[in-house]
Structure formats: C-alpha cells, structure tokens
Colleague: 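Please see the structure below; I have some questions.
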There are 2 protein chains.
Amino acid sequence: MRTGEQRARPRQGLSRERILAEAARIFNRLGYHGATLDDVARALGVTKAALYYHVANKEELLFQCCKVAIAIGLEGIRRAQAETAAPDEQLRRALAAYIEGMTDQLRGSVVILEEGTLSPEHYREVKAERDEYERELRGIIARGVAQEVFVPCDLRLVGFALLGAMNWIPKWYSPAGSRSGREVAEVFAAYLVRGLQASGRAPALTAGAP
Amino acid sequence: MRTGEQRARPRQGLSRERILAEAARIFNRLGYHGATLDDVARALGVTKAALYYHVANKEELLFQCCKVAIAIGLEGIRRAQAETAAPDEQLRRALAAYIEGMTDQLRGSVVILEEGTLSPEHYREVKAERDEYERELRGIIARGVAQEVFVPCDLRLVGFALLGAMNWIPKWYSPAGSRSGREVAEVFAAYLVRGLQASGRAPALTAGAP
DNA sequence: CGCCGCTAACTGACCGGTCAGTAAGCTCGG
DNA sequence: CCGAGCTTACTGACCGGTCAGTTAGCGGCG
C-alpha cells in the first residue's frame, strides 16, 4: 500500500504512475473543479469506484500530482547544478528539465493551485515545496547576477515570469503537435535565459531544426 | 437595456463593470468551476438572484470577462503601434498595457479557458479574438526579426512564452503587494522583450524605484 | 404639493441535476 | 477458496438556475 509500490501484476494495470499522469492531464484540460472523477476513470478505462481503490479521494489525487510536478522541478535543478557551475547554463538546464517533465512525463503541471482545492495541510506542504523550488531558482539567478553573467533584476518578478511561461505550456502543448517536448524545452529555456544574460554573451534562440 | 448602457441610477450600484471586475477576480482565485455565483454575489454585496438580473447565466459572465480581457490586449497593441514604429518598443508597450489592464482594471485574466466552460459559439468567438491577438503579437515580433532588431525565433513558441508569463500574473499579483501593476508591467515587458533583442542593444532590466 | 401607478433592482425559498464518495457483490489469478 | 481488483448501484450535498414577491425611487395627474 506504500507509495513506492508498483507491484505490476495488475489484471490490466492501474499503476499509481498511470493514474497520476492521466489525472494531471484531465485536471489540466478541464480544471480541477471542472474535471469529474468519472472523467479520470474513463480516461483510464475503469470506473470511478476503481479509482477509490487506489487513492483516498479527489483532493489526494491532486495533491499527489502537485508533489510529482514539484519533484520533477527540484530534481531538474539538482541535476543542473551537478552538471555545470555556470549560472546561465544551470538555469537553462533546470528550466529545460522542468519543461520536458511537464510535457512528456506528467502531462499538465497542475501547480495551478486554485484556492480551496487542497486541504490546509496539503496546501501548506505543497506551498512549502513550491516555495523551495522558487527559492532555488532565484538562487541561481542571484548568483548569475553576482557573477555579472546576468543583468541586475527583480528576482521575484523575473522568477514569476519564468514560472508563468512554463506553467502555461500545458494549456497549449500537444504531443501530436509540430514540436516535441524536448524542442519546446530547448526554445523556452534559451529564450527565458537570454532575457537575463548580460549583453554580448547571449546566443541566438533557435534550437534543433530551423 | 443595450450593452453600452450603464445608466447608473441604481439603488446602491451594480454596474456591469463592477460585476465583471469582481467576477474576474473570483474566477481567477477559485477557478471558474470552483467559484459559485454566491461567491461572486457575496463579493458584490448582493444575492445570487440579483446577479441574474444583470447577466443571463454563469457562462455569459465568463464570456464577458474574456471579451474585456482580450479587448484590453488588442487596444494595447493598437495604441503601441500608433505611438511608435520600432518593433521592440511596440512590443514592450503592448505587453505593458496588457499587464496593466490585467492587474488594475480587470483583476484576473480569465483567458485561462478551460475546456467545456464556454458554449461552442462563445468559445469560437473568444478563440477567434484571442487568435487575432496572438497573430498581432507575432506580427510585431516577425517585423522585429525582419528588421534584425530581434533574433530569429520560433514565433509560435515565443508567443506562447510571452502569453504564459503574462497570464500567470493574476495567480500571484496582489494590489497590496510591494509592486504596483505598473511596476510589474514595466519589469515584465522589459524582460520579455529583452530575450528577443539582438545582442548589444538590450538595455538593463530594472524599472522604476529600486 | 401629494399620492398613485409603474418599473428597475433586488431578496429568499426552492427545485433538479450533477458529482464526490460509499456499499456490497462479482471475478479472476494463485 | 481467498482476496486483490474491480463492478454496479446507490446516497447526500451542493450549486446553477428560477420564480414569486418586496422595496425604492421616479414621473405624472389632480
């Protein structure tokens, strides 16, 4: 029953992972309140009651989605920091990783926390983790500014701009579209970093194919 | 009875403008489906039934909010194009105008069109206008690229990045916060334009007071 | 001036549909 | 033959929408 279990011997499979991915996609499309559990169940090819075998309730489903999304983001930052020391490259990789996660893994960021959707305790937990994520992001930017790789800026506002551009992606992205998640990630990350880079060092924007 | 009338001689005032502004704020906070008409009515200091005296139904309320938001955006573009010929400055002013509108006038962009919230006809209409807005925005960027003021880029993706950063603002902005709508507008517009500008021409990011 | 009739603006109670959540039973694989 | 993994069938609450009624002000008629 523990989280870590995907005992994969299911009759036709309803792993926690699949449930969360599908739920995230539906929540993103219809909005949390607009989506019914029947919608999620139908997308998974089961009935609503089956969902209740795996999750406690609708709110917990959203909660788990949020945790996964933030975990993807934090993991991206950690990897970026491990792979390079240059703040601009760190930021680029961190953003790209988050975007790839949102487009390919968990479809739909869901961090679109409407008020009153999560229970107070869950809200506090998610907010704390999300704040941690934002703080890390701002930290990278601040170091970039200190090293004069980035121009001085309002960390909070620029951070919100980055987050906004990325969190908006699930609203229009489709895996069937002309751009893959990776391509979107590259273009977005390059553009978002470029707006911060000190003059003269910023590379062009195009990524991959012309 | 026509739309253009706000013949305001109401007992205590429930103008179309006030209703839309408050509805936008509530919809933005709770999400369209998460917000009840009682919420909106309470915020206006009346009962739900009073709302129905002024609007046909909940969906129409959202529809009107969307129209106002897009109108603000399009008006911003028109003014920007009338005021200056330089694509980068045009873009900067257009974005700033939209942001100011979203923060000060209509509080909450609401263009966060979740699927199935608007009727097919209303959806078509809003989508058409929104597409028009996006097309105009891309047009400015395209001209900037042609004049080598902007670096070459994927117009569609960059457009989405701009829109995302801006549409996210209502999620965190508060008029009681440390930054006014105008300040947010200036910083965002400067940052978002800067990411496109050809090297060497981009100015710094800080705007207004430190 | 005064008060009569009208309407614009609003209230409170209510109905019906929808949806989160539950209960109880069926069905395989081991 | 047991129980994990599901189903069908249901309940209760909540919310969009309606409607009969109330209140406030305005315009006109005597």
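Note that this is a predicted model, so its numbers are computed, not measured. The sequence lines fix the lettering, A, B, ..., with proteins before strands; numbering per chain opens at 1.
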Colleague: So does B:E89 pair up with B:R143, basic N to acidic O under 4.0 Å?
Modeller: no

Colleague: Measure CG/A:D38 against P/D:dC10 and give the value in whole Å, please.
Modeller: 16 Å

Colleague: Whole angstroms only, please: what is the CG-C1' distance between A:L30 and C:dA20?
Modeller: 16 Å

Colleague: Under 4.0 Å between a Lys/Arg side-chain N and an Asp/Glu carboxylate O for B:E186 and B:R92?
Modeller: yes

Colleague: What integer distance in Å separates A:K48:NZ from D:dT11:C1'?
Modeller: 10 Å

Colleague: Is A:K67 salt-bridged to A:E125, going by a charged N under 4.0 Å from an acidic O?
Modeller: yes

Colleague: I want to verify a distance call: between C:dA20, C:dT11, D:dG16, whose nearest atom is closest to the B:Y52 side chain?
Modeller: D:dG16

Colleague: So which one's nearest nucleotide on DNA chain C is more toward 5', A:L37 or A:A49?
Modeller: A:L37

Colleague: B:K58 NZ to C:dT18 C1': how many Å, rounded?
Modeller: 13 Å

Colleague: Kindly point out which of C:dC10, D:dG17, C:dA20 is positioned nearest to the side chain of B:L14?
Modeller: C:dC10

Colleague: Measure up the B:W172 and A:F160 rings against each other and bin them: parallel (under 30°), tilted (30 to 60°), perpendicular (over 60°).
Modeller: parallel

Colleague: Which listed nucleotide (D:dG16, C:dA20, D:dC6) is nearest to the side chain of A:V46?
Modeller: D:dC6

Colleague: Looking across every strand, which nucleic acid part, if any, lies under 4.0 Å from A:A35 by heavy atom: base, sugar-phosphate, or nothing?
Modeller: sugar-phosphate

Colleague: Please report, rounded to the nearest Å, how far the P atom of D:dC15 is from the CD1 atom of B:I26.
Modeller: 14 Å

Colleague: Check whether any side-chain N or O of A:Y53 sits under 4.0 Å from OP1 or OP2 of D:dG5, and answer yes or no.
Modeller: yes

Colleague: Does A:T47 reach a base, just sugar-phosphate, or nothing at all? Heavy atoms under 4.0 Å.
Modeller: base

Colleague: Please report the distance, rounded to the nearest Å, between OH in A:Y32 and C1' in C:dC19.
Modeller: 12 Å

Colleague: Thinking salt bridges, do B:R79 and B:E83 make one under a 4.0 Å N-O criterion?
Modeller: yes

Colleague: Compare the minimum distances between each of D:dG16, D:dC6, C:dC10 and the side chain of A:H54, then state the nucleotide with the smallest one.
Modeller: D:dC6

Colleague: How many Å lie between CZ on A:R42 and P on C:dT18, as a whole number?
Modeller: 13 Å

Colleague: In whole Å, I'd like the distance from the CZ atom of B:R16 to the P atom of C:dA9.
Modeller: 12 Å

